[in-house]
Amino acid sequence: MSLISGSRTLHRLVYASRQALDLRASAAALDAAGVDEIIGDIIRASIRNNRAVDVTGLLLVHEGYFLQTLEGPAQAVLTTYGRICNDPRHSDAKVLQAGPAERRMFADWNMCARRTNPGDDAILDTLSLREDFDPERLSGRAALRLLWAVRGIQDRTQLKAMA
């Protein structure tokens with residue numbers, strides 16, 4: 001898969017980065033609500049920015065890492081990723097996979113992160129079973145599978161909550 005799509009072609013980029021703001025260390029100084037507020041601020045800004053340029057995807061925040069897929073017009077995805085790389089809350093950003101996509105996998109998704117809704121606790125509990133969670137060591141394909149699994153858990157949990 002080519003790394004660059006035509007500017008109007010649907011493009012998918014999967015990246016991992018470390019949190020420059022160590023939320024795990026901050027948790028000692030902040031109560032859980034304070035940490036949730038920091039993550040909530042990140043999510044709200046991302047949703048607003050992504051919607052404005054027709055970028056969708058899914059963000060996972062866990063164990064000091066961000067793992068995200070971005071989907072949309074190539075130029076918008078690349079610009080969004082550039083903004084992420086320049087964001088002081090991110091460090092060591094690494095593209096795991098990038099290129100044209102036939103369809104959006106996360107068309108109706110903007111975010112999934114720590115405690116934003118009931119499904120997230122189950123997702124994070126599942127991920128915590130793995131020692132040394134390090135998305136930078138994942139292949140692009142494995143990272144995309146993980147994000148797809150997170151989406152599935154989130155969908156099932158939301159459906160149960162609605163029943």
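Values in this document were obtained by computation on a predicted structure and should not be read as measured data.
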Query raised in the report: Which is it for Leu78 and Leu13 under the side chain to side chain contact (heavy atoms under 4.5 Å, CB included) test, yes or no, and what are the steps along the way?
Result: CA-CA 8 Å; Leu78 296 174; Leu13 184 143; 4.2 Å; yes
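- For Ser17, the side chain to side chain donor-acceptor pair (under 3.5 Å) test picks out His90, with sequence neighbours left out.
- In plain terms, the two heavy atoms of Pro100 and His11 that are nearest each other are N-ND1, 4.1 Å.
- Atom CZ of Arg51 is separated from atom OG of Ser46 by 11.5 Å, given to the nearest 0.5 angstrom.
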Query raised in the report: Do Arg12 and Leu144 pass the side chain to side chain contact (heavy atoms under 4.5 Å, CB included) test, and can you show the C-alpha distance, the side-chain angles, and the key distance before you say yes or no?
Result: CA-CA 10 Å; Arg12 180 178 301 120; Leu144 196 54; 3.9 Å; yes
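- Smallest separation of non-hydrogen atoms from Phe106 and Arg151: CA-NH1, 3.7 Å.
- To the nearest 0.5 angstrom, Thr56 atom OG1 is 8.0 Å from Asn50 atom CG.
- Between atom CD of residue Gln68 and atom CG of residue Leu58 there is a gap of 8.0 Å, rounded to the nearest 0.5 Å.
- Taking every heavy atom of both residues into account, Ala143 and Leu96 meet most closely at CB-CD1, 3.7 Å.
- For Leu147 against Leu67, the heavy-atom pair with the smallest separation is CD2-O, 3.9 Å.
- Side-chain contact check for Leu138 versus Pro135: some heavy-atom pair is nearer than 4.5 Å.
- Shown here are the salt bridge (Lys or Arg N to Asp or Glu O under 4.0 Å) partners of Arg104, two or more places apart in sequence or in another chain: Asp54.
- Across Gln97 and Arg141, no two heavy atoms sit closer than the pair NE2-N, 4.0 Å.
- Of the possible polar contacts, one joining the Glu71 side chain to the Met105 backbone as a donor-acceptor pair under 3.5 Å is found.
- In this structure Tyr65 satisfies the ring pair (Phe, Tyr, Trp, His ring centres under 6.0 Å) test with no other residue, sequence neighbours excluded.
- Remark: Thr79 pairs with Gln75 by the side-chain contact (heavy atoms from CB on, under 4.5 Å) rule, at least two apart or across chains.
- When all heavy atoms of Pro73 and Val53 are compared, the pair lying nearest together is CD-O, 4.0 Å.
- We find the CG-CZ distance between Asn49 and Arg44 to be 13.0 Å, quoted to the nearest 0.5 Å.
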Which donor-acceptor pairs under 3.5 Å do side chains of residues 80-88 form with protein atoms, sequence neighbours excluded?
{"from": "Thr80", "atom 1": "OG1", "to": "Ala76", "atom 2": "O", "distance (Å)": "2.8"}
{"from": "Asn86", "atom 1": "ND2", "to": "Gly82", "atom 2": "O", "distance (Å)": "3.1"}
{"from": "Asp87", "atom 1": "OD1", "to": "Arg89", "atom 2": "N", "distance (Å)": "2.8"}
{"from": "Asp87", "atom 1": "OD1", "to": "Arg89", "atom 2": "NE", "distance (Å)": "3.1"}
{"from": "Asp87", "atom 1": "OD2", "to": "Arg89", "atom 2": "NE", "distance (Å)": "3.2"}
{"from": "Asp87", "atom 1": "OD2", "to": "Arg89", "atom 2": "NH2", "distance (Å)": "2.7"}

